[in-house]
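The block underneath contains the structure these notes are about, expressed in structure tokens.
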Amino acid sequence: MNAMRKISFFIVLIFLTVTCDNSKPATQIKNENDISVVSEEVSKKLKQSINEYQGMTENPRNIDENGEVNFVPSRDWCSGFYPGVLWYAWELFGDSIYLEQAHNHTIILEKEKINGKTHDMGFKMYCSYGNGYRLTNDSAYRAILIESAYTLTTRFNEKIGCLRSWDHNTDKWDFPVIIDNMMNLELLFWAFKETGDSLFYKISVSHADKTIENHFRADNSSFHVVDYDPETGRVVKKNTHQGYSDESAWARGQAWGLYGYTMMYRETKDEKYLNQALKINDFLFIDKNMPEDLVPYWDFDAPGIPDEPRDASAAAIIASALYELGNYVEPDKKEMFFENADNIVYSLASDTYFCSEAETHSFLLDHSTGSKPGNSEVDTPIIYADYYFIEALIRKIDIDH
Ligand code: GLY
């Protein structure tokens with residue numbers, strides 16, 4: 001953990017401990033001191049999670065319809081988020097209990113390094129092993145990450161210029177590419193920097209370019225699924241899977257795009273990726289598609305708004321992305337991006353979204369939506385919301401100090 005961050009964080013925490021006997025996040029949090037109160041609450045919840053998940057050989061994904069924690073095997077796309085949360089907790093709080101548990105929940109995933117049946121390699125391995133390697137330099141983690149990255153490259157089709165996303169629904173799609181797949185490129189950039197193998201770089205740039213070409217509409221929103229003909233490389237159709245309709249703007253998809261193109265600019269310094277991220281930001285904020293509390297409904301075009309479920313995970317991803325994007329733009333925009341990110345974090349940390357009830361177990365955030373059309377994980381705690389929320393908190397604390 002960054003020493004300055006740690007010192008600043010604990011000074012504020014000590015101040016709060018002696019001046020304030022209410023450690024719950026305030027409904028209306030407004031400033032840096034309040035963020036430290038939230039961080040303290042995060043720490044309590046995560047320590048509770050360590051007790052609750054003691055001895056589990058699978059990682060938590062969500063709260064199911066019976067109010068129980070749903071644990072998933074390593075092949076599930078969400079298996080890497082809980083270890084990632086623990087790595088971030090170790091980074092933020094420096095308590096060795098997190099280090100030990102982060103390692104235990106990470107190594108569950110090792111066999112995924114040769115699983116070429118999914119594009120979710122980045123979500124699984126980079127959030128878990130990637131954070132672990134960043135913080136520990138453990139050479140065993142490095143080797144597993146490199147093997148994972150090579151496995152992911154086997155999903156690349158030269159003719160199309162993209163990595164294939166899903167292998168399911170073969171009656172509907174031949175070569176589906178989903179906007180979410182932008183997130184998996186971060187693992188490939190990491191592997192490029194570690195190995196110097198330009199294959200990783202070329203695949204990432206090609207995939208990101210094709211996605212700009214075919215996934216975005218004139219209003220800068222994105223389609224969820226683009227299906228290609230693997231023989232000709234041509235686009236066959238554009239659909240949704242988790243959104244309201246083929247033409248709608250599925251909230252988490254827009255969040256993945258914003259985060260993905262911000263990361264692309266970080267890794268390449270190519271202005272076209274920065275422009276794409278800025279266009280997505282315009283769709284979200286300038287065109288006023290975000291609701292007042294800045295936590296999107298599950299789809300921007302959901303017909304029953306305002307009586308539709310929210311997706312807190314989309315909000316957390318957007319906040320984390322904006323804390324990075326703000327560093328790449330001129331000062332007035334930077335201020336606006338950080339302010340929007342802060343306001344999202346304040347909303348998520350409020351009693352409305354932050355879990356304090358027993359029925360939400362050890363999760364941090366309530367009110368995420370996995371797939372409304374699939375009637376799956378609707379308006380419930382989901383682990384990736386927690387992952388991007390704690391990442392956003394760390395990014396905010398770094399900016400503030
Ligand atoms: N990558 C799947 C999702 O965002 O739900």
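We count ligands from 1, going down the list as the structure has it; atoms in each ligand are counted the same way.
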| said: I'd like to check which ligand 1 atoms, numbered from 1 as shown, lie under 4.0 Å from a non-hydrogen atom of R252. | reply: 3 (C), 4 (O), 5 (O)
| query | Do D246 and T240 get their side chains close enough for a donor-acceptor pair, meaning under 3.5 Å? | reply | no
| message | Quick check on W250 - does any of its heavy atoms sit under 4.0 Å from an atom of ligand 1? | response | yes
| Do the side-chain N and O atoms of W298 and S368 include a donor-acceptor pair separated by under 3.5 angstrom? | no
| Out of Y129, F200, Y133, which one pairs with W190 under the ring pair (Phe, Tyr, Trp, His ring centres under 6.0 Å) rule? | Y133
| Is any N or O atom of W77, backbone or side chain, closer than 3.5 Å to an N or O atom of ligand 1? | no
| query | Going by the atom numbers of ligand 1, which of them fall below 4.0 Å from some non-hydrogen atom of D180? | reply | 1 (N), 2 (C), 3 (C), 4 (O)
| query | Do Y201 and F189 make the cut of ring centroids closer than 6.0 angstrom? | reply | yes
